[in-house]
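Reckoned from all heavy atoms, side chains included, excluding hydrogens, waters and symmetry mates. Letters A, B, ... are given to chains in the order of the sequence lines, protein chains preceding strands, and every chain is numbered from 1.
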Amino acid sequence: VVVYNVTMKALRRGRKWDLLEELLQDMLSRGMEPDNITYSTVISCARQCNLPDKAVEWFERMSETGCVPDEITYTTMIDAYSRAGKVEEALNLYERARAVGWRPDTVTFTTLLKMYGIAGDFDGAIITFQEMKALGVQPNVITYNSMFAALGKAERPSVAKALFKEMTEAGLKPNQVTLTSLLKIYGKARWADDALQLWENMKEQGWEKDLILYNTLLSMCAGIGRTEEAVMLFEEMGMSENCKP
RNA sequence: GUGGACGGACCUU
């Protein structure tokens, strides 16, 4: 089974759904018993390939064969629903799993948060975030990034600012995605001071920048009319190793 | 020894 699972992982990475499903059929016809790892890989591949019906189909078949979903399989399936825009189904599954005594973890909550963000349900995202903390589940960088994505859509720069403070005070280090999302939020709200302050922080703390982050900074300077800063950025890019203009 | 979450920039209002 492990050999099959590893092969499936490779197929998932290459998004080869047909081959992966064939392999699963092969396992079943040989009388092997795919486990949670097998099924979560299968479901996740279906999700990546935009085949939500396949995800549901195998999730159901899995239960029929007596394989009880574990926490990762549940989360994978919730994410598959989320990606397909099936919010109701995702929440139903979540409730059902909770009723069976399942303890959702950071990834689960982040997946739910992301779903609310995509749906534009900013309040839902906030509530989930609070619920998560109330249950003692620690948010991580990806959790915060998903919140910023939701906030960007809702155009709530002040909430984003407060969250960012909370995040750094909790000792979490922002990554390029965090900074890009935040800058975009500030830029859209024309909060020039906060945006430039963030850039200062990046220099002080030595937070790395990537190409996308440089581009965001540049277009922000253009948007708020800070030509001098833009020139400095451009020169800095020229000196950097991996971000040639 | 194997499985899950970051729809981040410009082009695009």
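Using a 4.0 Å heavy-atom distance criterion, A:Thr76 is classed as a sugar-phosphate-only contact. In this structure, A:Thr110 reaches the bases: a heavy-atom distance under 4.0 Å links it to at least one base atom across the strands shown. If you check every strand for non-hydrogen atoms under 4.0 Å, A:Arg12 touches sugar and phosphate atoms only. The residue A:Thr38 sits apart from the nucleic acid: no heavy atom pair falls under 4.0 Å.
In terms of position on RNA chain B, the residue among A:Val2 and A:Gln48 whose nearest nucleotide sits closer to the 5' end is A:Val2.
Classified by interplanar angle (parallel below 30°, tilted 30° to 60°, perpendicular above 60°), the ring pair A:Phe109/A:Tyr94 is perpendicular.
With C1' as the reference atom, B:G7 and B:G3 are 23 Å apart, rounded to whole Å.
A donor N or O paired with an acceptor N or O is not found under 3.5 Å between the base of B:G3 and the side-chain atoms of A:Thr41. Between the base of B:G4 and the side chain of A:Asn36 there is no donor-acceptor pair shorter than 3.5 Å. Residue A:Asn145 places no side-chain atom within donor-acceptor reach of the base of B:G7, judged by atom type and a 3.5 Å distance cut-off alone.
Scanning residues 153-187 of chain A for heavy-atom distances under 4.0 Å to RNA chain B yields A:Asn175, A:Gln176, A:Val177, A:Thr180, A:Ser181, A:Lys184.
Between the CE atom of A:Met62 and the P atom of B:G3 there is a distance of 16 Å, rounded to whole Å.
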